[in-house]
Amino acid sequence: MNKNYEHKETEAEIYAEWEKSGAFTPPSGDDVKKTGQKPFTVIMPPPNANDPLHVGHAMFVTIEDILVRFHRMKGEAVLWLPGTDHAGIETQFVFEKKLAKQGKSRFDFDRDTLYKMIWDYVHENSGVAIDQVKKLGASADWSRYKFTLDPEIVKEVTKTFIKLHEDGLIYRGVRLVNFCTKCGTAYSELEVDHEEREDKIYKINYGKLSVATTRPETMLGDVAVAVNPEDPRYKNLIGEKVTLPLVGREIPIVGDAMVDMEFGTGAVKITPTHDQNDWDVAVRQGWNMDEIVLNHQVIGTKGKMTANAGLYEGMNVSEAREKIVTDLGSALIETKPYTHSVGTCYRCHRTIEPLPMKQFFIKVKTLAENALKSLDTEESVVMGSGHDKILRHWLSNLRDWNVSRQIVWGIRMPVWYKDETKTEFVVSEMSPGKGYTQETDTFDTWFSSGQWPVVTLKTSKQGDFDVYYPTDVMETAYDILPFWVMRMMLLGIYMTGKSPFKCVYLHGLVRDEQGRKMSKSIGNVINPLELTDKYGADSLRMALVMSTTPGQDSNTGENKVRGMRNFGNKIWNAGRFITEMETPREGDSKSEGQEIVDGVRLPRHSAPRNDEFTGEGNENFKTKLQEVQKELTRLLEANKVGLAAESVYNEFWHWFCDESIENCKSGKVSLELLKNGYKSFLIMLHPFVPFVTESAWKEVFPQEGLLISANWPKE
RNA sequence: GGUCGCGUAGCUCAGCUGGUUAGAGCGCUGCAUUCACAUUGCAGAGGCCACUGGUUCGAAUCCAGUCGCGACCACCA
């Protein structure tokens with residue numbers, strides 16, 4: 001054996017051997033039914049198909065691989081199903097940036113051409129993420145690999161929408177949507193960020209009263225002024241009318257409890273087409289929303305003023321604001337600096353424009369109630385401090401889910417229109433007949449990934465869904481809890497009646513050694529591949545999970561990885577010690593026929609020490625080893641990966657190496673027993689550091705087959 | 001404004017279904033090297049487990065409050 005463990009000489013070869021051995025691929029569901037094996041399922045969170053790996057991916061690969069290898073060694077039918085996500089908006093955004101560099105925009109191409117271009121682009125890159133996941137040692141079943149745009153997946157996802165529609169859970173309606181005029185698409189409430197902005201607040205005289213606003217340009221679309229019905233200053237004015245400055249239109253004063261008497265002037269201009277609150281007020285007033293949208297939408301999807309804006313038509317929003325502020329003249333009473341938070345596009349960070357649009361919504365109320373129920377009954381359990389409460393909070397306050405996106409990169413909605421006005425629609429997988437045209441919108445990416453555990457298993461091998469669903473552990477970062485985990489619960493329960501996972505393991509975000517967020521501008525982003533290259537995949541894996549707690553952020557840097565590289569070397573060298581003890585060296589007089597005293601073969605360099613050896617050392621060794629195995633098994637059964645890693649690390653280094661090997665040298669523990677203990681430790685360490693343990697296994701136990709398929713010690 | 005989390009050795013973090021001398025990594029001090037590993041070993045320094053009060057025979061661990069830090073959510077026009 002080499003003096004030091006050289007990861008570069010072994011990793012690629014070992015991974016290929018594992019894959020070739022078939023250890024990654026469990027039997028089909030139908031075959032498992034016959035054998036009665038216990039199933040264990042993990043669905044891999046699908047990385048974006050065109051994304052290079054970041055440290056977060058390394059984190060989920062490590063944790064999931066640990067659990068998966070552990071259960072596989074226990075003899076269960078373990079399915080770890082990998083896949084990639086088309087990541088609609090993300091990917092289209094990246095692609096459009098690429099187009100922009102060539103001086104082009106998406107509007108230069110028709111739908112089909114654009115789709116084809118993005119498809120090619122994604123497929124050029126899609127191997128990258130997968131290769132990198134493999135480099136980290138992921139023992140996933142690549143024969144069951146899925147992509148969200150695989151035809152069979154698209155079909156299942158589409159069928160779900162059709163079923164939702166049949167069950168009356170889909171509606172199409174004009175609502176205010178969060179629209180990014182730059183990205184040209186609407187978003188769900190979750191995709192909107194909020195940023196503090198330094199702005200101005202304007203007080204404008206509307207005649208009988210004045211209003212305060214940060215968005216004077218929207219006054220062109222005002223339909224009313226609202227006051228609090230309890231407000232002594234204004235309650236008598238309710239029912240009267242004021243004249244809108246600049247426009248000259250008469251609008252009513254209405255009462256609505258939403259108005260805060262303390263804020264601003266206590267009177268709010270109501271622009272239903274460009275503000276969610278105002279929309280709600282108009283709905284409460286029972287007004288005709290179609291009419292309001294038709295006549296009073298003053299901002300369009302490109303961020304320019306519409307024909308309803310009269311003189312201001314064609315200006316973009318900020319120009320119109322400036323012009324209006326000037327034109328108001330004496331009607332503008334006051335301008336003050338004002339800091340408030342505004343909704344911004346999570347992708348491009350431009351201000352989100354609330355716009356009225358016809359969109360498809362899923363009614364989430366009953367779906368959310370069922371998800372809450374599965375948390376209450378502990379059908380699904382969340383691991384990660386405080387995040388079960390956060391999930392409950394989300395589920396209790398969810399708005400209907402806007403699933404239409406105005407982009408091409410995604411699954412096209414199975415919605416058909418007969419005539420050009422598109423007032424009537426039919427939901428159907430295929431065109432319902434001649435003359436129908438299909439909706440151009442695609443589904444929100446999370447609509448397909450929200451069905452991931454169900455649709456991957458349903459389209460996999462015979463019987464897979466029956467046996468491998470519900471999955472055992474869903475492991476992902478906590479920052480996509482509402483986007484993904486929650487949606488999987490909503491849709492999974494709807495589709496199957498069962499929550500898609502028994503346990504949600506939420507890992508924390510990985511920060512740099514000083515606890516700072518990783519960002520390109522600071523230059524502190526850890527590239528997992530660089531570290532893997534330098535120190536080996538095992539070292540990075542161990543560094544990521546040692547002493548981490550679900551839901552809690554952790555700080556990691558090169559120092560920690562280096563420390564874990566030393567650990568791998570330690571494992572290797574313990575094996576080297578054993579093989580060297582077993583093979584006497586030439587010219588070493590003491591090694592001729594190693595002495596055997598009371599059944600203990602003494603190491604070749606040690607003098608026999610009959611006086612000390614009583615056999616007690618062996619008994620203590622066996623007892624302790626059993627304790628270690630028991631404890632580690634308990635921790636892994638409970639998915640306590642961080643603690644398990646710490647425990648096995650300490651026991652191996654400080655007990656097995658520091659004490660037991662020394663005891664062996666001095667004849668207190670026999671070499672046979674030590675070797676057996678080493679074997680157990682390689683098995684126990686394997687889920688965490690698979691490469692070095694497999695390498696050492698080959699050297700020390702060459703007759704035993706692959707370690708990945710060895711049996712976990714029974715208690 | 002609301003919710004959640006965190007404050008333990010110089011640094012980064014475990015431990016917290018309450019129970020023997022509070023742990024690890026890195027760092028630090030001293031010693032050790034022809035006999036697995038210097039990517040090492042041995043020994044050691046270093047902690048009123050944020051603060052205050054409560055429950056208890058007993059609290060880093062449970063409860064309440066205070067202070068400090070962080071995250072998320074939110075329709076203040």
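Protein chains get the first letters and strands the later ones, always in sequence-line order, with residue 1 at the start of each.
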Undergrad: Under 4.0 Å, counting only non-hydrogen atoms across every strand here, what does D260(A) touch: a base, just sugar-phosphate, or nothing?
TA: base
Undergrad: Base, sugar-phosphate, or nothing: which does W279(A) touch, judged by heavy atoms less than 4.0 Å apart?
TA: nothing
Undergrad: Anything under 30° is parallel, anything over 60° is perpendicular, the rest tilted; go ahead and classify Y187(A) against Y346(A).
TA: perpendicular
Undergrad: Does a side-chain N or O from W653(A) land closer than 4.0 Å to OP1 or OP2 of U40(B), or not?
TA: no
Undergrad: Going by purine N1 to pyrimidine N3 plus the second Watson-Crick contact, or the G-U wobble pair, all under 3.5 Å, which nucleotide sits opposite A77(B)?
TA: none
Undergrad: Across the strands shown, which category fits Q552(A) at heavy-atom distances under 4.0 angstrom: base, sugar-phosphate, nothing?
TA: sugar-phosphate
Undergrad: Using a 4.0 Å heavy-atom cut-off, does H194(A) contact any base of the nucleic acid, only the sugar-phosphate backbone, or nothing at all?
TA: sugar-phosphate
Undergrad: Of the options C75(B), A77(B), C42(B), whose atoms approach the side-chain atoms of D658(A) most closely?
TA: C42(B)
Undergrad: Which part of the nucleic acid, if any, lies within contact of W394(A), taking any heavy atom under 4.0 Å across all strands shown: a base, the sugar-phosphate backbone alone, or nothing?
TA: sugar-phosphate
Undergrad: Taking only the side-chain heavy atoms of T214(A) (C-beta and beyond), determine which of A77(B), C75(B), C37(B) contains the nearest atom.
TA: A77(B)
Undergrad: Could you state the atom-to-atom distance from NZ of K534(A) to P of U39(B) in whole Å?
TA: 14 Å
Undergrad: Just compare C37(B), A36(B), C4(B) and give me whichever is closest to any side-chain atom of K3(A).
TA: C37(B)
Undergrad: Does K624(A) come within less than 4.0 Å of E651(A), counting only side-chain N to carboxylate O?
TA: yes
Undergrad: Expressed as a whole number of angstroms, how long is the span from L481(A):CG to C73(B):C1'?
TA: 12 Å
Undergrad: Base, sugar-phosphate or nothing for T265(A)? Non-hydrogen atoms, less than 4.0 Å.
TA: nothing
Undergrad: Answer yes or no: does a side-chain N or O of H654(A) lie under 4.0 Å from OP1 or OP2 of G25(B)?
TA: yes
Undergrad: According to a strict under-4.0 Å criterion, is T549(A) in side-chain N/O contact with OP1 or OP2 of A14(B)?
TA: yes
Undergrad: So does N566(A) get a side-chain nitrogen or oxygen closer than 4.0 Å to the phosphate oxygens (OP1/OP2) of U40(B)?
TA: yes
Undergrad: Do K570(A) and C37(B) share a donor-acceptor pair, side chain to base, under 3.5 Å?
TA: yes
Undergrad: The side chain of N277(A) lies closest to which of these nucleotides: C75(B), A36(B), C37(B)?
TA: C75(B)
Undergrad: Applying the Watson-Crick and G-U wobble criteria at under 3.5 Å, what pairs with U20(B)? Answer none if nothing qualifies.
TA: none
Undergrad: Quick one: look up who C42(B) pairs with, Watson-Crick or G-U, both distances under 3.5 Å, and put none if it's unpaired.
TA: G30(B)
Undergrad: Let's see if you can work this out: which of G15(B), A36(B), C75(B) has an atom nearest to the side-chain heavy atoms of R399(A)?
TA: C75(B)
Undergrad: Taking it one step at a time, do E195(A) and H349(A) satisfy side-chain hydrogen bond (donor to acceptor under 3.5 Å, both in side chains)?
TA: CA-CA 9 Å; E195(A) 286 176 19; H349(A) 300 289; 3.2 Å; yes
Undergrad: On RNA chain B, check which nucleotide each of Y649(A) and I201(A) is closest to and give me the residue with the more 5' one.
TA: Y649(A)
Undergrad: Taking only the C1' atom of each, what is the distance from G70(B) to A77(B) in whole angstrom?
TA: 30 Å
Undergrad: Could you check H393(A) against N559(A) and say which one's nearest nucleotide on RNA chain B is further toward the 5' end?
TA: N559(A)
Undergrad: Using purine N1 to pyrimidine N3 plus N6-O4 or O6-N4 for Watson-Crick, or N1-O2 and O6-N3 for G-U wobble, each under 3.5 Å, what pairs with A71(B)?
TA: U3(B)
Undergrad: Just compare A24(B), U39(B), C37(B) and give me whichever is closest to any side-chain atom of R565(A).
TA: U39(B)
Undergrad: Would you call the rings of F263(A) and Y338(A) parallel, tilted or perpendicular, taking 30° and 60° as the class edges?
TA: perpendicular
Undergrad: Give the nucleotide from the list U39(B), A36(B), A24(B) with an atom nearest to the side chain of N569(A).
TA: U39(B)
Undergrad: Between E659(A) and K668(A), does at least one N-O distance fall below 4.0 Å, as a salt bridge requires?
TA: no
Undergrad: When all nucleic acid strands are considered with a 4.0 Å heavy-atom cut-off, which category describes I661(A): base, sugar-phosphate, or nothing?
TA: base
Undergrad: Taking the six-membered ring of F652(A) (Phe, Tyr or Trp), confirm whether the NZ or CZ of K570(A) is under 6.0 Å from its centre and within 45° of its axis.
TA: no
Undergrad: For U66(B), what is the paired nucleotide under Watson-Crick or G-U wobble rules, both distances under 3.5 Å?
TA: A50(B)
Undergrad: Can you tell me how far P of C75(B) sits from CD1 of I352(A), to the nearest Å?
TA: 13 Å
Undergrad: Please determine whether a side-chain nitrogen or oxygen atom of K389(A) lies at a distance below 4.0 Å from atom OP1 or OP2 of G5(B).
TA: yes
Undergrad: Once you apply a heavy-atom cut-off of 4.0 Å, does V211(A) come out as touching a base, just sugar-phosphate, or nothing?
TA: nothing
Undergrad: Over all strands shown, is D280(A) touching base, sugar-phosphate only, or nothing at heavy-atom distances under 4.0 angstrom?
TA: nothing
Undergrad: Could you state the interatomic distance from CG (L220(A)) to OG1 (T271(A)), rounded to the nearest 0.5 Å?
TA: 9.0 Å
Undergrad: To the nearest angstrom, how far is N397(A) atom CG from A74(B) atom C1'?
TA: 10 Å
Undergrad: Taking CD from E6(A) and P from C37(B), how many angstroms apart are they, rounded to a whole number?
TA: 14 Å
Undergrad: Please determine whether a side-chain nitrogen or oxygen atom of K665(A) lies at a distance below 4.0 Å from atom OP1 or OP2 of A36(B).
TA: yes
Undergrad: Could you state the NZ-P distance from K560(A) to A24(B), rounded to the nearest angstrom?
TA: 15 Å
Undergrad: Do NZ/NE/NH1/NH2 and the carboxylate oxygens of R634(A) and E637(A) come within less than 4.0 Å?
TA: no
